[in-house]
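What follows is a set of notes on a single structure, which appears directly below.
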Amino acid sequence: MPLRSYLDGRVFADLSDGPGPLVVGLHGWGRDRHDLHSALSAFRYLLVDLPGFGLSPSPREAWGAVGYASCIAAALDEHGSAEPVMLVGHSFGGRVAVCLAAARPDLVRGIVLCGVPLLRVSDAGRPPLSYRLGRWAHRAGLLSGRRFEAMRRARASDDYNAASGVMRQVLVRVVNESYGAQLRALACPVALLWGSADLAVPASMVEKANAVLATPAMAEIVDGAGHDVHLQEPARLSSMIEKVIDVSGRVPPW
């Protein structure tokens, strides 16, 4: 049975014992620490509830991925791992993993990413005229807050509509972030596992990320898998983690 505890007084996690380097699982938006368990169960793992999800309380202010990375770094520092850890991040958790590995290379021996929106491909463009008119009317006091919120929810994503308070502010912030600087700064081995049918973050992101990374990543695109490739093909993710662990001590890494 894993040991469940709070790290750094605010981050809840499941920790398992065993040989080998510690593998830290960082889940996607709206998920919790259980989401990566299938793929990480064979490793010595630390499965984290990112702040605002599962049993971890929300941050007091609207963090971006860098703020989340600082929080997880503090938790790892408190855990006192004897050696750098492996980071595995799906979607939102991958944003955090990249920022953490870039800011604290001393903590990270390698990272594996699945379906992560690493780079903004294009601007979303202006909202439709009807929405802009509604926004103007709301600001002018001509449209009630309830009706304007209904307009906003009608065009918003499911994640936005499900979020509230500071977590909605976090979501708005992170979806507008791009991590080119962090990708260029990575000094550890990187592996990318994607689904060919990922509609949330198309597999073309793999090529775009490799064009930015200082050292090309190990990459695998799973035919027919979607955004939840880590749940559809946990054995492939486990295999990729093992490969990164194997090469992370080599110089050069690949």
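The figures here come from the full heavy-atom set of this structure, side chains too, leaving out hydrogens, waters and symmetry mates. The chain is numbered in sequence order, starting from 1.
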message = Between Ile221 and Leu231, is there shared hydrophobic-cluster membership here, with clusters defined by ILVMFWY side-chain heavy atoms closer than 4.5 Å?
response = no

remark   = In short, Val112 meets Met86 closest at the heavy-atom pair CG2-CE, 3.8 Å

message = Checking Arg184 against Leu213 for the side chain to side chain contact (heavy atoms under 4.5 Å, CB included) test, could you report, in this order, the C-alpha distance in whole Å, the side-chain angles of both residues, the deciding distance, and whether it holds?
response = CA-CA 5 Å; Arg184 284 188 288 270; Leu213 287 163; over 6 Å; no

task = Taking the side chain as every heavy atom from C-beta outward, state whether Phe12 and Phe53 have any pair of such atoms under 4.5 Å apart.
result = no

request  = Would you check if Val108 and Pro84 make a side-chain contact, meaning some heavy-atom pair closer than 4.5 Å?
outcome  = no

ask   = Among all residues two or more places apart in sequence or in another chain, which pass the side chain to side chain donor-acceptor pair (under 3.5 Å) test with Arg31?
value = Asp35, Asp228

query = Under the side chain to side chain contact (heavy atoms under 4.5 Å, CB included) criterion, do Thr215 and Val190 qualify, and how do the steps go?
reply = CA-CA 8 Å; Thr215 302; Val190 180; over 6 Å; no

request  = For Cys71 and Arg10, work out which heavy atoms get closest and say how close.
outcome  = SG-NE, 3.9 Å

ask   = Would you find a donor on one side and an acceptor on the other, under 3.5 Å apart, between the side chain of Trp194 and the backbone of Ala219?
value = no

query = Can the ring centres of Tyr45 and His37 be said to be less than 6.0 Å apart?
reply = yes

ask   = Can you name the closest pair of heavy atoms from Leu119 and Ser178 and give their distance?
value = CA-OG, 3.4 Å

task = Might you point out which heavy atoms bring Ser58 and Met167 nearest each other, and give the distance in Å?
result = OG-CG, 3.6 Å

request  = Measure the CG-CG distance between Leu26 and Leu47 for me, rounded to the nearest 0.5 Å.
outcome  = 9.5 Å

key: pair Pro59-Tyr68: side-chain heavy atoms closer than 4.5 Å   = yes

4.5 Å side-chain heavy-atom contact, Val244 and Ile241 = no

message = Keeping Asn210 on the side-chain end and Ala217 on the backbone end, is there a donor-acceptor pair under 3.5 Å?
response = yes

Backbone N/O of Pro234 and side chain of Ser238: donor-acceptor pair under 3.5 Å = yes

ask   = CG of Leu22 to CG of Leu15: how many Å apart, nearest 0.5 Å?
value = 6.5 Å

ask   = Does Arg33 reach the side chain of Val48, with side-chain heavy atoms less than 4.5 Å apart?
value = no

inquiry  = I'd like to know if the side chain of Asp32 and the backbone of Asp49 have a donor-acceptor N/O pair within less than 3.5 Å.
reply    = no

query = Applying the 4.5 Å side-chain criterion to the ILVMFWY set and letting contacts propagate, would Leu40 and Met218 be lumped into a single cluster?
reply = yes

query = Is the centre of the His227 ring less than 6.0 Å from the centre of the His90 ring?
reply = yes

inquiry  = Please check: side-chain N/O of Ser196 versus main-chain N/O of Gly224, any donor-acceptor pairing under 3.5 Å?
reply    = yes

task = Over all heavy atoms of both residues, which pair between Leu237 and His230 is shortest? Give the atoms and the distance, please.
result = CD2-CB, 3.7 Å

task = Given side chain to side chain contact (heavy atoms under 4.5 Å, CB included), test Cys99 with Val66 step by step and report yes or no.
result = CA-CA 6 Å; Cys99 292; Val66 169; 3.9 Å; yes

message = Measuring from atom CD of Gln169 to atom CH2 of Trp63, what distance do you get when rounded to the nearest 0.5 angstrom?
response = 13.5 Å

remark   = In this structure, NE2 of His27 is separated from CG of Leu50 (nearest 0.5 Å) by 4.0 Å

ask   = Honestly curious: do Ile245 and Leu36 fall in one hydrophobic cluster under the side-chain, below-4.5 Å linking rule?
value = yes

message = Working note: Arg44 + Val23, criterion side chain to side chain contact (heavy atoms under 4.5 Å, CB included); need CA distance, chi angles, decisive distance, verdict.
response = CA-CA 6 Å; Arg44 183 165 68 97; Val23 181; over 6 Å; no

query = About how many Å separate CH2 of Trp29 and CZ of Arg95, when rounded to the nearest 0.5 Å?
reply = 9.5 Å

ask   = Just wondering, do Leu118 and Met205 contact through their side chains at under 4.5 Å, heavy atoms?
value = yes

inquiry  = Is the shortest side-chain heavy-atom distance between Ser91 and Val116 below 4.5 Å?
reply    = no

message = So which atom in Leu46 and which in Ala13 form the shortest heavy-atom distance, rounded to 0.1 Å?
response = CD1-CB, 3.7 Å

request  = Would you check if Val174 and Asn176 make a side-chain contact, meaning some heavy-atom pair closer than 4.5 Å?
outcome  = no

task = For Asp106, look at atom CG and say whether over 12 heavy atoms of other residues, nucleotides or ligands are found less than 6.0 Å away.
result = yes

query = Which value, rounded to the nearest 0.5 Å, describes the distance between Met240 atom CE and Cys114 atom SG?
reply = 8.0 Å

message = Under a 3.5 Å distance rule, please check whether Glu220 uses its side chain to pair with a backbone N or O of Leu192 as donor and acceptor.
response = no

